[in-house]
Amino acid sequence: MSGPEIITMGCRLNLAESHALAEQLGDETNLVIVNSCAVTNEAVRQTRQAIRQARKRRPDARIIVTGCAAQIEPQTFEAMAEADAVIGNIEKQSPALFAIDGPKVRVSDIMAVQATAPHLATAFSGNTRAFVEVQTGCDHRCTFCIIPYGRGNSRSVPAGQVVEHVQRLVDTGIAEIVLTGVDVTSYGHDLPGQPNLGRLVEQIIRHVPTLPRLRLSSIDGVEIDERLFDLITGEPRVMPHVHLSLQAGDNLILKRMKRRHSREQAIEIVARMKARRPDIAIGADIIAGFPTEDEAMFENSLALVEDCAIVHGHIFPYSPKAGTPAAKMPQVRAQDIKDRARRLREAVAAQKDVWLASHVGSTQKIVVEAGGASGHSENFAYVELDRKVPEGAIVTASIEGQENGRLQGRVAG
C-alpha cells in the first residue's frame, strides 16, 4: 500500500477531494479515510457500514470520517467506537489534521466560511477524463436538500487558477475536462467583478487551445444566460451533453421544493438548445415521491421525460432528511415512492433506446477510456469499439448497432 486508504461515498466532488487528500497525505499508510455523503439517509447508512467494515479489515489503522455526513451530523460518528476522528469539510482541506491526535470531533461552522474555495480538487476517470472542482457550497435552500449545511455557502475558485490547472491537466494527456461543483452555475457570484460560468468556460476555451473537450456537470437551467447558452449550443469543444437539475415536472411540487424554475421553463430551455444544436443529449435529476406528490403530479414528472427527451436520468426515490423542511411535509407511502422511481427509470430507458437507435449508421468521435476498447461520444453515448486503441485517444467510429444501452462502433482506419 503506497498511501492512505480512502473510501469515497457520493458525488464527483467527493471523488475530486479524495484525490486531493491522497496526493497531500503521500505515503501515510496507517490511515483509512471515509469521505462521507449525506444526500440521502441511505448514503449515511452506507457510510456507517463502510466504517464498520474498514475497522474489521484494518484493526490497527487510524479511521477518520470526513465529508458532508461528518459535517452535518458529527454526533452520529462520534458515537461509533470504530471511528478515531470526525473531521469537517473545512478541516479536511488541512490534511495535516488527519495525522495528529486531538479531540475526536473537529467540525467548525461551515456556514461562517466566507473565503473562496482555496484548492482545486480533481478526480480522474482513468487517464482520459478529469473532474475539476471550480465551486463548492450553495446559496439556495431547496426544501429537500441538506447539502448546503454540509458544504456551506457558494464559494468559487478564481478563473485564472482554473485555467492554469486545466492547462496542466491537458499537458499530461487528459482529453476531457468536466467542470464540477455543488451548484456550478452559481460560479463567480462571490468573486471580484462577479464573473459567471459562461465567462469561465469562455476563458478556458480561449486560453487552453489544446483542450479537446470540455463538459459541464449538473447545471441549473434557470441560470443558463445567453453567453453560456451560446457556448453550449455553438462551441464545438463544449460537448453537446447537458445534465439539468430539474427534480420534478409539476409546478406545485416545484414550488414546494423551492426550485426557481417552472415546468414550462424547463421544456423551453431544452427546446431552445435542441433547435440550435440538434445532437445535444439531455440528462436530468428527478425525485420520485416528493412529499404531497399525488398521482396526477407524478404523471407530470413522468411526462417531462418525453417532453425534455431525457436520455441520461438520475432518478432519486425521495428520502426525508432531518433538518429539511420537506421532512415535515406529508409523506408519500414508501411503496408508491418505489413504484414511481421504477416508472421514471423505465421511461428514461425507453427514451434512451430510441436515442441510441438514432445513432446507428452515423459516425461518432469517441474518447477512448480505460482498457482501450470503449469510450463515450461527444453527447455521452457509451460506445464499445471493435478493437483496442490507446487510452485517451479520440477516434472516429462508425456506429453499427446497439445492445444493452450501449452502441457498437467500428474504428475508422
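Note that this is a predicted model, so its numbers are computed, not measured. Here, residue 1 is the first one in the sequence, and each next residue gets the next number. Only heavy atoms go into these numbers, but all of them, side chains included; no hydrogens, no water, no symmetry mates.
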Considering all heavy atoms, the nearest Glu384-Arg406 contact
OE2-NH1, 2.9 Å

Should Arg343 and Glu295 be marked as a salt bridge (charged side-chain N to carboxylate O under 4.0 Å, His left out) after you check the CA-CA gap, both sets of side-chain angles, and the distance that decides it?
CA-CA 12 Å; Arg343 290 164 65 190; Glu295 185 63 22; 3.0 Å; yes

May I have the step-by-step check of salt bridge (charged side-chain N to carboxylate O under 4.0 Å, His left out) for Arg57 and Glu5, ending in yes or no?
CA-CA 11 Å; Arg57 193 174 64 254; Glu5 178 184 353; 2.2 Å; yes

Given Phe298, which partner from the list Asn300, Leu302, Asp294 fulfils the side-chain contact (heavy atoms from CB on, under 4.5 Å) test?
Leu302

What residue pairs, at least two apart or across chains, pass ring-ring contact (aromatic ring centres under 6.0 Å, His included) with a residue in residues 223-248?
His241-His312, His241-Phe380, His243-His314

Contact summary for Leu179 and Leu197, nearest pair of heavy atoms:
CD1-CD1, 4.4 Å

Could you walk me through whether Arg260 and Glu223 satisfy the salt bridge (charged side-chain N to carboxylate O under 4.0 Å, His left out) test, starting with their C-alpha distance in whole Å, then the side-chain angles of each, then the deciding distance to 0.1 Å, before giving a yes or no?
CA-CA 9 Å; Arg260 293 170 299 142; Glu223 291 187 325; 3.4 Å; yes

Could you tell me whether a side-chain N or O of Arg62 sits under 3.5 Å from a main-chain N or O of Asp84, the two making a donor and an acceptor?
no

Heavy atoms of Thr292 and Met297 approach each other most closely as O-SD, 3.5 Å

Mind checking whether His140 and Lys258 have side chains closer than 4.5 Å, heavy atoms only?
no

Under the rule for side-chain hydrogen bond (donor to acceptor under 3.5 Å, both in side chains), what residues qualify as partners of Arg263, not counting sequence neighbours?
Asp307

Taking Asp190 for the side chain and Ser156 for the main chain, is one N or O donor matched with an acceptor at less than 3.5 Å?
yes

Name all residues meeting the side-chain hydrogen bond (donor to acceptor under 3.5 Å, both in side chains) criterion together with Glu176; count only those two or more places apart in sequence or in a different chain, and write none if there are none.
Arg129, Arg213, Arg215

Please identify which of these residues, Thr136, Ile146, Ile72, Asp183, meets the side-chain contact (heavy atoms from CB on, under 4.5 Å) condition with Arg151.
Thr136

Glu306, CD: over 12 other non-hydrogen atoms inside 6.0 angstrom
no

Could you tell me if the side chain of Glu17 sits less than 4.5 Å from the side chain of Glu133, heavy atoms only?
yes

For the residue pair His207 and Val166, establish whether any side-chain heavy-atom pair is separated by less than 4.5 Å.
no

Check this for me: Lys104, atom NZ, are more than 12 non-hydrogen atoms of other residues, nucleotides or ligands nearer than 6.0 Å?
yes

Answer yes or no: is there a side-chain heavy-atom contact under 4.5 Å between Thr180 and Gln135?
no

Mind checking salt bridge (Lys or Arg N to Asp or Glu O under 4.0 Å) for Glu235 and listing every partner two or more places apart, or none if nothing turns up?
none

Closest non-hydrogen atom pair between Phe77 and Ala70, with its separation:
CE1-N, 3.9 Å

Test of understanding: with side-chain hydrogen bond (donor to acceptor under 3.5 Å, both in side chains), list the residues that count as partners of Ser377, not counting sequence neighbours.
Asn379

Under 6.0 Å from the NZ atom of Lys365, do we count more than 12 heavy atoms belonging to anything else shown?
no

Heavy atoms of Ala341 and Pro317 approach each other most closely as CB-CG, 4.0 Å

Shortest non-hydrogen contact from Ala61 toward Val32
CB-CG2, 3.9 Å

According to side-chain hydrogen bond (donor to acceptor under 3.5 Å, both in side chains), who are the partners of Thr396, at least two apart in sequence or on a separate chain?
none

Close side-chain approach of Pro158 and Leu191, heavy atoms under 4.5 Å
yes

